[in-house]
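What follows is one structure encoded as structure tokens, with my remarks underneath.
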Amino acid sequence: MLKLPKKVTVKEVGPRDGLQNEKERVATEDKIAWIDSLSETGVSYIEVSSFVHPKWIPQLADAAEVLKTIKRRKGVTYAALVPNIRGLDRALEVDVDEVSIFMSASEGHNRSNINKSIEETYPILGEVVKEAKQAGKRVRGYVSTVIACPYDGPVSPSKVRTVADQLFSMGIDELSLGETIGVAVPTQVEQLLDELLLHFDSEKLAMHFHDTRGTALANIVKSLEMGITIFDSSLGGLGGCPYAKGASGNVATDDLVYMLHELGIETGIDFQSLMKSGQLIETALGKQLKSRQMDILRAEGRGEYLE
């Protein structure tokens, strides 16, 4: 018998991590409508957008307008990614609930993504964390390429621990471990967590899997066995990584919630509302989402979720 938790927190990252990889611009009003619909599903956390410079990710240039306009629901955290103090200032102006900082565990991906070495990145993020905490905000850290890097190859768990040590010493509240290119298998996840759980509480760690090779759900089951109860996902499997060619979308929120519920694990999320929200963004994008649950919905010819 698997030893599994009774409850899991699913953090919806589709409006940021999902949409940032879409080439066709999504209208601001469609983003707002989608986020408002996600707020009605029972999710407790939505990563709304990113305050990076618009030239890097034009899709998210409307971050401030989106955050100002969405209908905030009590009990839902509305978060945004920030790269530096300028981004933080913009996020604080629209009263973001939580600030997320980001870097990589591998030099190649960090330089491609941030245009700086790992050592050069620390002081920039340290300043953001300090200012965000002074503003009374929770801070979440993301570390990418925790298993492998598209430029440097395999990444050792000790390298990930070194970066995690630095981020926690800055004062972050939680660390999301990003399997950016979606190549991991459960044994690799076990090796990573064996290392990290010697040094950090499981309650402060989240897993962020991409599903390039179809192993994300298997990796989540292994993470659950090891005591992890926070998972990032993107509705319909939207996403990828602009700086990691071939990396497909995040594990799909709908596939994840289906599995968790069938395992008897509480999420607080209403599955039917989630599918309705999936249909909403699918219509806005003008293309089919690739999650298994959305495929099943189309195959069955069911449209009642939007009625």
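If you read the sequence from its start, that first residue is 1, and numbering goes on from there. Just so you know, these numbers use all the heavy atoms, side chains as well, and skip hydrogens, waters and symmetry mates.
- Proximity of V99 to L81: side-chain heavy atoms (C-beta onward) are nowhere separated by under 4.5 Å.
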One pair to check against side chain to side chain contact (heavy atoms under 4.5 Å, CB included): V183 and T212. What are the steps and the verdict?
CA-CA 7 Å; V183 297; T212 310; 5.7 Å; no

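- The side chain to side chain donor-acceptor pair (under 3.5 Å) test applied to K287 returns E22, not counting sequence neighbours.
- When all heavy atoms are compared, the tightest approach of L175 to A164 is CD2-CB, 3.5 Å.
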Going through the distances and angles, do K159 and E195 end up as a salt bridge (Lys or Arg N to Asp or Glu O under 4.0 Å)?
CA-CA 10 Å; K159 268 191 174 181; E195 172 74 20; over 6 Å; no

Side chain to side chain contact (heavy atoms under 4.5 Å, CB included) for L125 and M170? Distances and angles first, verdict last.
CA-CA 8 Å; L125 298 187; M170 293 174 193; 4.1 Å; yes

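- Side chain of S273 to backbone of I269: no donor-acceptor contact under 3.5 angstrom is found.
- Between I46 and S39, the shortest heavy-atom contact is CD1-OG, 3.7 Å.
- No side-chain heavy atom of S202 sits under 4.5 Å from any side-chain heavy atom of T229.
- Residues passing the side chain to side chain donor-acceptor pair (under 3.5 Å) test with S144, sequence neighbours excluded: none.
- No chain of hydrophobic side-chain contacts below 4.5 Å, direct or via other Ile, Leu, Val, Met, Phe, Trp or Tyr residues, connects I147 to V185.
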Applying side chain to side chain donor-acceptor pair (under 3.5 Å) to E98 and T77, what does each step give before you reach the verdict?
CA-CA 7 Å; E98 183 174 293; T77 296; 5.3 Å; no

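- Both V146 and L197 sit in one connected hydrophobic cluster of ILVMFWY residues. Membership requires side-chain heavy atoms under 4.5 Å apart, directly or through other members.
- Residues passing the side-chain contact (heavy atoms from CB on, under 4.5 Å) test with S49 are L60, A63, sequence neighbours excluded.
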All N/O donor-acceptor pairs, side-chain side in residues 217-228, below 3.5 Å, sequence neighbours left out:
unit_1	atom_1	unit_2	atom_2	d
N219	ND2	A184	O	3.1
N219	ND2	T215	O	3.2
S223	OG	N219	O	2.8

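- Summarising the geometry, atom CD belonging to Q59 is positioned 11.5 Å from atom OG belonging to S50; distances are rounded to the nearest 0.5 Å.
- Nearest heavy-atom pair, A64 versus F51, reported as atom, atom and distance to 0.1 Å: N-CE2, 3.8 Å.
- Two residues are said to be in side-chain contact when any heavy atoms from C-beta on lie closer than 4.5 Å; F209 and S233 fail this criterion.
- Applying the side chain to side chain donor-acceptor pair (under 3.5 Å) test to E179 and every residue at least two apart in sequence or in another chain returns nothing.
- The closest side-chain heavy-atom distance from E12 to S234 is below 4.5 Å.
- Atom CG in D211 sits 8.5 Å away from atom NZ in K290 (nearest 0.5 Å).
- Judged as a side chain to side chain donor-acceptor pair (under 3.5 Å), the pairs with a partner in residues 84-97 (not counting sequence neighbours) are, in order, R72-D97, D95-K137.
- The 12-atom threshold is not exceeded at CD of E24, counting heavy atoms of other residues, nucleotides or ligands nearer than 6.0 Å.
- Side chains of M294 and M275 form a contact here, defined as non-hydrogen atoms less than 4.5 Å apart.
- Considering every non-hydrogen atom in both A105 and V143, the closest pair reads N-CG2, 3.7 Å.
- Judged by distance alone, the side chain of S112 and the main-chain N or O of G108 form no donor-acceptor pair under 3.5 Å.
- With sequence neighbours excluded, the residues forming a side-chain contact (heavy atoms from CB on, under 4.5 Å) with K11 are T9, Y45, R140, E174, I230, D232, listed by chain and number.
- Annotation: side chain of S277 is in contact with side chain of L235 (closest heavy-atom distance under 4.5 Å).
- Salt bridge status for R292 with D295: absent, with no side-chain N to carboxylate O gap under 4.0 Å.
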Could you go through L297 and Q293, starting from their C-alpha distance and side-chain angles, then the distance that decides it, and tell me whether this counts as side chain to side chain contact (heavy atoms under 4.5 Å, CB included)?
CA-CA 6 Å; L297 193 63; Q293 307 311 312; over 6 Å; no

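- Within 6.0 Å of the OH atom in Y78, the count of heavy atoms belonging to other residues, nucleotides or ligands exceeds 12.
- Looking at F102 and V52, their side chains come closer than 4.5 Å, going by heavy atoms from C-beta outward.
- Separating the CG atom in N250 from the CG atom in D17 is a distance of 4.5 Å, to the nearest 0.5 Å.
- Side-chain atoms of S104 and S106 form no donor-acceptor pair, as typed in the model, at a separation below 3.5 Å.
- Contact between H210 and H208 at its shortest, heavy atoms only, is NE2-NE2, 3.4 Å.
- With sequence neighbours excluded, the residues that form a side-chain contact (heavy atoms from CB on, under 4.5 Å) with V66 are T28, K31, I32, I35, V48, D62, I70.
- The list of salt bridge (charged side-chain N to carboxylate O under 4.0 Å, His left out) pairs with a residue in residues 33-53, not counting sequence neighbours, reads R16-E47, E40-R73.
- Taking OG1 of T145 as the reference point, atom CG of N110 lies at 8.0 Å (rounded to 0.5 Å).
- Here the CD1 atom belonging to I281 is positioned 8.5 Å from the CG atom belonging to L38, to the nearest 0.5 angstrom.
- Using a 30° and 60° split on the angle between ring planes, Y151 and H109 fall in the tilted class, from 30° to 60°.
- Y142 is not listed as a side-chain neighbour of I101, based on a closest heavy-atom distance of 4.5 Å or more.
- With ring centers used as reference points, H261 lies 6.0 Å or more from F271.
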Give the C-alpha distance, both sets of side-chain angles, the deciding distance and a yes or no for side chain to side chain contact (heavy atoms under 4.5 Å, CB included) between R298 and E282.
CA-CA 12 Å; R298 284 188 294 270; E282 186 174 76; 2.4 Å; yes

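- The side chain to side chain donor-acceptor pair (under 3.5 Å) search around K133 returns D173, not counting sequence neighbours.
- Under a hydrophobic-cluster definition in which Ile, Leu, Val, Met, Phe, Trp and Tyr are linked whenever side-chain heavy atoms come within less than 4.5 Å, directly or via other members, I124 and F168 are assigned to different clusters.
- Listed by first and then second residue, the salt bridge (charged side-chain N to carboxylate O under 4.0 Å, His left out) pairs involving residues 249-272 amount to none (not counting sequence neighbours).
- Rounding to the nearest 0.5 Å gives a distance of 9.5 Å between NZ of K276 and CD of Q279.
- Partners of E107 according to the side-chain contact (heavy atoms from CB on, under 4.5 Å) rule, which considers only residues two or more places apart in sequence or in another chain, are R111, S117, I118, D152.
- Of all heavy-atom pairs between A252 and G237, the closest is CB-N, 3.4 Å.
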